Amino acid sequence: MAIKTKPTDEFRDHISTVDEQGKRIWVYPKKPKGKLYDYRKYVSYLLLAFLFAGPFIKINGLPLLMLNVVERKFVIFGVLFWPQDFFILVIAFLALVVFIILFTVVYGRIFCGWVCPQTIFLEMVFRRIEYLIEGDYTKQRALDKMPWNKEKILKKGAKTAVFLLISFMISNLFLAYVIGVEELQKIIMEGPANHLVGFGTLLAFTGVFYWVFAYFREQVCTIVCPYGRLQGVMQDKKTVVVAYDYGRGEPRGKLRKGQERTEGDCIDCYQCVQVCPTGIDIRNGAQQLECINCTACIDACNDIMRMIDKPEGLIRYESVEAIETGKKWTFFTSRVMGYTAVLFILLTALTTLLLTRNDAEATILRTPGQLYQTTEDGHIKNLYNISVINKTNHDMPLTLKLENKQGTISVIGNKLVLPAQGIVEGVFFTELATAELSGLNSEIVIGVYHGDELITTTETKFLGPGK
């Protein structure tokens with residue numbers, strides 16, 4: 001009978017890709033294969049198609065997603081947001097964070113292994129190109145060790161050229177999400193000389209992406225990404241992770257033909273270690289810092305189990321508690337229900353704010369330094385400045401009306417025409433009869449109309465002589 005031997009925690013004292021002298025250990029993962037890897041490919045290619053199509057998808061004439069930090073203009077699912085909508089973006093961001101936490105509490109780092117752009121680009125694009133040009137892990141290691149000859153120059157040169165080309169494409173994609181496809185096309189068509197800043201940004205991000213995917217690689221997940229560091233706080237023994245069933249697998253022992261096996265099901269073949277893209281041994285224990293739940297080790301182990309006629313699932317999606325006790329995993333825990341309640345509240349607040357959000361937002365203030373004026377018929381006039389922001393993708397001719405008082409509004413100069421995704425500013429007089437005044441400062445409400453449609457209202461003060 002196999003003896004349950006829980007792995008020690010020595011591996012938690014250091015990162016798997018750094019040796020005792022502090023030097024990086026380069027990871028040469030074996031090319032993965034298997035059912036779960038195929039599923040990951042389908043998910044990855046679907047997400048990549050959506051990512052590259054995103055800037056070209058329009059909703060009501062607006063891009064699906066644009067994060068223009070320079071102009072402080074953000075478009076999310078075809079809805080335009082300005083700095084005045086910052087509180088909505090904050091609530092949306094909080095909802096996203098809580099969702100990620102909730103997902104991590106229940107399902108661990110599936111996001112990292114299946115959805116994260118870093119993992120998708122590295123494992124499903126750059127690493128697959130590397131396998132195609134340099135071969136599998138043994139050939140890659142041999143190529144790096146050999147002196148510079150014709151074969152090495154050709155292969156390394158070809159890989160570098162392809163990596164730079166893809167990095168340049170990703171850089172263009174990134175810029176399209178920031179400034180929009182139209183502005184990016186203008187940079188391309190009018191040439192680098194007319195857009196030095198834009199072209200310089202493209203080259204800079206090309207260099208960054210190339211360095212990340214060609215050299216830094218898995219270090220992003222273990223050193224830079226805060227999500228990987230926080231997983232230890234968010235996960236507990238009830239979290240479903242990629243885990244090794246040490247109760248079934250230990251003690252390990254090589255498979256010997258013709259001998260009765262007294263060890264556990266793990267034959268110490270190291271296939272799970274060889275396919276790991278972050279260089280860890282999943283048998284050391286679950287919830288390792290470097291583990292991104294990519295499932296490569298599950299496929300590798302299941303393949304070996306089928307070869308030796310043993311049940312699959314020695315490495316599988318499971319909670320630590322279930323591995324330790326043999327109890328069935330439970331979904332609804334107090335933490336899950338608590339996070340779910342918070343997420344529901346945030347989503348309700350976000351939905352309410354989006355449904356009650358106006359298409360335009362106006363700011364009306366009395367012109368500084370101007371006193372009220374008295375007309376010939378005894379009415380009182382105040383001068384105001386107005387600024388209106390358009391949150392839609394169509395022009396709006398505007399008219400102003402008093403909502404709570406009887407009086408007139410006259411715009412000085414040209415009519416107010418609010419451009420699509422733009423801002424219009426103007427100056428106007430508001431005239432009231434003295435009977436409408438309630439003191440030195442009277443509260444007035446001004447409605448901003450597009451035709452007969454009330455777009456927004458704003459309150460301001462009307463200065464008068466008092467009573």
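Bear in mind the structure is a predicted one, so any value in this text is a computation, not a measurement.
Residue-environment remark: CZ (F52) exceeds the threshold of 12 foreign heavy atoms within 6.0 Å. When the shell of 6.0 Å around OH of Y45 is examined, it contains more than 12 heavy atoms from other residues, nucleotides or ligands. Taking a 6.0 Å sphere around OH of Y131, one finds it holds more than 12 heavy atoms contributed by other residues, nucleotides or ligands. The 12-atom threshold is exceeded at NZ of K155, counting heavy atoms of other residues, nucleotides or ligands nearer than 6.0 Å.
Between P419 and V424, the closest heavy-atom pair is CD-CB, 4.2 Å. Between I323 and A243, the closest heavy-atom pair is CG1-CB, 4.3 Å. The two residues I380 and G464 have their closest heavy-atom pair at CG2-CA, 4.4 Å. Across all non-hydrogen atoms, the minimal contact from P277 to I292 is CG-CD1, 4.4 Å. The nearest pair of heavy atoms linking A362 to V448 is CB-CG2, 3.9 Å. Shown here for R366 and K461, the closest heavy-atom pair between the two residues is CD-O, 3.3 Å.
Formation of a donor-acceptor pair under 3.5 Å by the N172 side chain with backbone atoms of F168 is found in this model. With R40 contributing its side chain and Y37 its backbone, the two residues share no donor-acceptor pair below 3.5 Å. With N68 contributing its side chain and I179 its backbone, the two residues share no donor-acceptor pair below 3.5 Å. Side-chain N or O atoms of N404 include one that pairs as donor or acceptor with a backbone N or O of E443 at under 3.5 Å. No donor-acceptor pair closer than 3.5 Å links the side chain of T239 to the backbone N or O of G108. Remark: the backbone N or O of S167 is not paired with any side-chain donor or acceptor of S171 at under 3.5 angstrom. Side-chain N or O atoms of T375 include one that pairs as donor or acceptor with a backbone N or O of H379 at under 3.5 Å. Looking at D299, its side chain does come within 3.5 Å of a backbone N or O of L36 through a donor-acceptor pair. Put simply, the side chain of R109 gets close to the backbone of L289: a donor and an acceptor are under 3.5 Å apart. Side-chain atoms of N390 come within 3.5 Å of backbone N or O of H394 as a donor-acceptor pair.
For the pair E182 and K58, the salt-bridge criterion is met [side-chain N within less than 4.0 Å of a carboxylate O]. One finds a salt bridge joining D38 and K41 here, because a Lys/Arg side-chain nitrogen approaches an Asp/Glu carboxylate oxygen to under 4.0 Å. With salt bridges taken as basic N to acidic carboxylate O contacts below 4.0 Å, none links R127 and E134.
A cation-pi arrangement is absent between K30 and Y137, since the terminal nitrogen or guanidinium carbon is not both under 6.0 Å from the aromatic centre and inside a 45° cone about the axis. A cation-pi arrangement is present between K401 and Y449, with the terminal nitrogen or guanidinium carbon under 6.0 Å from the aromatic centre and inside a 45° cone about the axis.
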ask   = V224 and F216: side chain to side chain contact (heavy atoms under 4.5 Å, CB included), yes or no, with the steps?
value = CA-CA 10 Å; V224 177; F216 204 49; 3.4 Å; yes

Working for side chain to side chain contact (heavy atoms under 4.5 Å, CB included), residues I282 and C276 = CA-CA 9 Å; I282 192 63; C276 181; over 6 Å; no

message = Between E130 and R217, is the salt bridge (charged side-chain N to carboxylate O under 4.0 Å, His left out) condition met? List the steps.
response = CA-CA 13 Å; E130 196 168 58; R217 298 194 162 189; 2.9 Å; yes

task = Decide yes or no on side chain to side chain contact (heavy atoms under 4.5 Å, CB included) for F50 and L64, but give the supporting numbers first.
result = CA-CA 11 Å; F50 181 77; L64 183 70; 3.4 Å; yes

task = Carefully, step by step, assess F429 and I412 under the rule side chain to side chain contact (heavy atoms under 4.5 Å, CB included).
result = CA-CA 7 Å; F429 278 109; I412 299 174; 3.5 Å; yes

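Using a 4.5 Å cut-off on side-chain heavy atoms (C-beta onward), I364 and F428 make contact. Residues V445 and T458 are not in side-chain contact: their nearest non-hydrogen atoms beyond the backbone lie 4.5 Å or more apart. Within the 4.5 Å cutoff, no side-chain heavy atoms of F462 are placed close to those of K405. Counting only heavy atoms from C-beta outward, the side chains of E361 and V388 never approach each other to under 4.5 Å. In this structure, V27 and E218 have side chains that are in contact, with non-hydrogen atoms separated by less than 4.5 Å. In this structure, the side chains of T295 and Y317 come closer than 4.5 Å at one or more pairs of heavy atoms. A 4.5 Å side-chain heavy-atom check between Q140 and W26 finds every atom pair outside the cut-off. The side-chain heavy atoms of L51 and Y177, taken from C-beta on, include a pair separated by under 4.5 Å.
N385 and T367 share a side-chain donor-acceptor pair at under 3.5 Å. Using modelled atom types and a 3.5 Å distance limit, the side chains of Q219 and T17 yield a donor-acceptor pair. For the residue pair Y227 / T104, a side-chain donor-acceptor distance below 3.5 Å is found, with atom types taken as modelled. At a cut-off of 3.5 Å, with distance as the only test, a side-chain donor of Y28 or D144 sits close to an acceptor on the other residue.
The line from CD of Q288 to OG1 of T222 is 12.5 Å long, rounded to the nearest 0.5 Å. A distance of 11.0 Å separates CD1 of I120 from CG of L122, quoted to the nearest 0.5 Å. Rounding to the nearest 0.5 angstrom, the gap separating the SG atom in C221 from the CD atom in E290 is 10.5 Å. Atom CD1 of residue I455 and atom CG of residue L418 lie 9.0 Å apart, to the nearest 0.5 angstrom. Going from atom CG of L371 over to atom CG of L383 covers 11.5 Å, rounded to the nearest 0.5 Å. From E431, atom CD reaches atom CD of E436 across 12.0 Å, with rounding to the nearest 0.5 Å.
Remark: of the listed residues I444, L402, I386, L402 is the sole one forming a side-chain contact (heavy atoms from CB on, under 4.5 Å) with I409.
Note: Y215 and Y210 have perpendicular aromatic rings, judged against thresholds of 30 and 60 degrees for the angle between ring planes. Aromatic ring pairs are classed by plane angle as parallel below 30°, tilted from 30° to 60° and perpendicular above 60°; the pair Y39 and Y42 is tilted. The aromatic rings of F174 and F209 sit perpendicular, their planes meeting at an angle over 60°, well past the 30° parallel limit.
Applying the ring pair (Phe, Tyr, Trp, His ring centres under 6.0 Å) test to F163 and every residue at least two apart in sequence or in another chain returns F126. Under the rule for a side-chain hydrogen bond (donor to acceptor under 3.5 Å, both in side chains), T348 has no partner lying at least two apart in sequence or in another chain.
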